[in-house]
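Okay, so here's the structure we're looking at.
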Amino acid sequence: MENKLYVYNSKTGKKELFEPINPGHVGMYVCGPTVYNEVHLGNVRTFVSFDIIYRYLKYLGYKVRYVRNITDVGHLTESGEDKVLKRAKLEQLEPMELVQKYTNMFHEMMSIFNTLNPDIEPRATGHLIEQMEMVQEILDNGYAYEQNGSVYFDTLKFNKDYKSYGKLSGRKIDELFTETRDNLKNQDEKRHASDFAIWMKASDEHIMKWNSPWSVGFPGWHLECSVMSTKYLGETFDIHGGGNDLKFPHHENEIAQNIGARGVEPVKYWLHSNMLLMNGRKMSKSDGNTISPYELFTGNSEHVSKGYSPMAVRFFMLQSHYRSTLDLTDQAMQAAEKGYKKLMDAAQVVENMQYPGNNNNTTDIDEKILTILSAMENDMNDDFNTPKALADTFELVNYINKLKDGHLNFKEISIDTFNKIKDTFLKFIYEVFGFRKETAGEDNAMFEGMIELLISIRNEARANKDWATSDLIRDKLKELGIQLKDGKDGTGWSKI
RNA sequence: GGUCGGUUUGCCGAGUGGCUAGGCAACGGUCUGCAAAACCGUGUACACCGGUUCGAAUCCGGUACCGACCUCCA
């Protein structure tokens, strides 16, 4: 942990030295999905971005508590309907049945993309008591008012006392007054247009509702994150993450609620990831500019010419910085797929490579390699710059391939340098970047044995200049997805 | 309309006041029975117009275009 990690804090708009509140420990909260629908590829980008951050913090040796919630109530559509209820009606499922269905699918997708599970994954409906308690605290402190059974956060009073409403998202409360859309439900109950509901009275036909001191109703969407983050991470914690479209109003309101209830700023570092675009525009279901993860895997979409594997997609995402927009195009995916394959081929090569003999002499090549190795960490320390770290990694790929082909002699580097390449390279590929081998077969001894057998039969044929047999084996294997590669030291193979 | 961000070589995408990002594609070469892979070499880019500077694609100002947010959104 002697390295210094800098993170870009949305609250200050600057890169800041990362110093956790409790040395050695990091509390991190990321807004999870609302489970009313199949997970969107854009969501995946956000969760992959924070997966890298989680992984890298762990790599640095921090003990991280990663909390990511599941929103299963209170998230309303523009017309004021509960998203979960609306969808449940459509699919003719119990609300909790629907929530479970999409929660399961979400977990499956996260595992397909090889993201690590959060340490705690709390649900909004599991924290109704705590949410009511916070509503009461805010009321007691005078930053909320009740109106016909609903409770609204008083942004004007809050802003008068703390002068901070709108600070995170750079908004001014006076402007919010005029900008607000006028089609929101219960708008007229609010004192000020920028006020927001923290408890809502439910109508008779509303199914998901609970008894409270104010009405039979349900909590406001922003409340759950305030409650669950502080419950599991404390009144102040280190990192809060989410997509930058949540900055306003969600995160802004979260801060207001926490301060309104407890009087303290909850978050030290706000991290926001940027949007995934497709063909230059934000992915959006309404105008058809969207592709689901499964469509991307199978190629069953007008936007792509073929399917791409989940790890190729992950690689594609890591090739841009999490704070930049990323534009998904078919051409870009093809490039990413090939680059990913090259990287993983090198990983397989270096895994099986041993340094011959024992040489401790170092040359200027050792020095160059050691510079690359430290650059990998330095670049990740610079606000998790995965594209740069990945570029460094490709420089190692070049050295690995040169060693393999004999263009670089092992004697030109020391055994110590070689072991460092192997160790760091594999650590970054598997632990930090979170790539994984995509087919079970690669780890299967019998499968590998059979390939090796075919290769030796083919080599026999080649020795006899029986090109017909030789090419038959090569071509048939290629059809099955195995690419043979004839090299100086015999024939290797890889998955296509 | 308001706020913020972007415009980098054929594509994606980093970065920096003077030093090769990287991946993909292209072209030439090495290797190979052929192929693939790998390796070597080639490309000299930073929207436009001004300004600051010994020097700017990088800083400042303006213009154009694009995008996001402005209580559905990762």
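No experiment lies behind these values; they were computed from the predicted model shown. Numbers restart at 1 for each chain; the letters A, B, ... are given by sequence-line order, proteins then strands.
In this structure, the OH atom of A:Tyr322 is 18 Å from the P atom of B:G13, given to the nearest Å. Atom CG of A:Asp382 and atom P of B:A14 are 13 Å apart (whole Å). Atom CG in A:Asn37 sits about 14 Å away from atom C1' in B:A74, given to the nearest Å. For the pair A:His250 NE2 and B:C70 P, the computed distance is 13 Å after rounding to whole Å. To the nearest angstrom, C1' of B:A36 lies 14 Å from CG of A:Asn401. A:Met283 places its CE atom 13 Å from the P atom of B:A68, with the value rounded to the nearest Å. Atom NZ of A:Lys282 is separated from atom C1' of B:C69 by 8 Å (rounded to the nearest Å). Rounded to an integer number of Å, the gap from A:Lys338 NZ to B:C12 P is 17 Å.
No side-chain donor-acceptor contact under 3.5 Å links A:His303 and A:Ser301. Side chain to side chain, A:Glu224 and A:Thr71 meet the donor-acceptor criterion of an N or O pair below 3.5 Å.
Comparing the C1' positions of B:U8 and B:A56 gives a spacing of 14 Å, expressed to the nearest Å. Nucleotides B:U30 and B:U44 place their P atoms 24 Å apart, quoted to the nearest Å. Taking atom P on both B:C59 and B:G17, the two are 8 Å apart, rounded to the nearest angstrom. Between the P atoms of B:G13 and B:C31, the separation comes to 38 Å (whole Å). Annotation: B:U7 and B:A47 have their C1' atoms spaced 6 Å apart (nearest Å). Nucleotides B:G6 and B:C60 place their P atoms 11 Å apart, quoted to the nearest Å.
With A:Phe435 as the fixed residue, the ring pair (Phe, Tyr, Trp, His ring centres under 6.0 Å) test singles out one of A:Tyr340, A:Phe113, A:Tyr430, A:Phe428: A:Tyr340.
By the criterion of a centre-to-centre distance under 5.5 Å and near-parallel planes under 30°, the ring of A:Phe394 forms no stack with the base of B:G23.
B:G28: Watson-Crick or G-U partner is B:C40, with both key distances under 3.5 Å.
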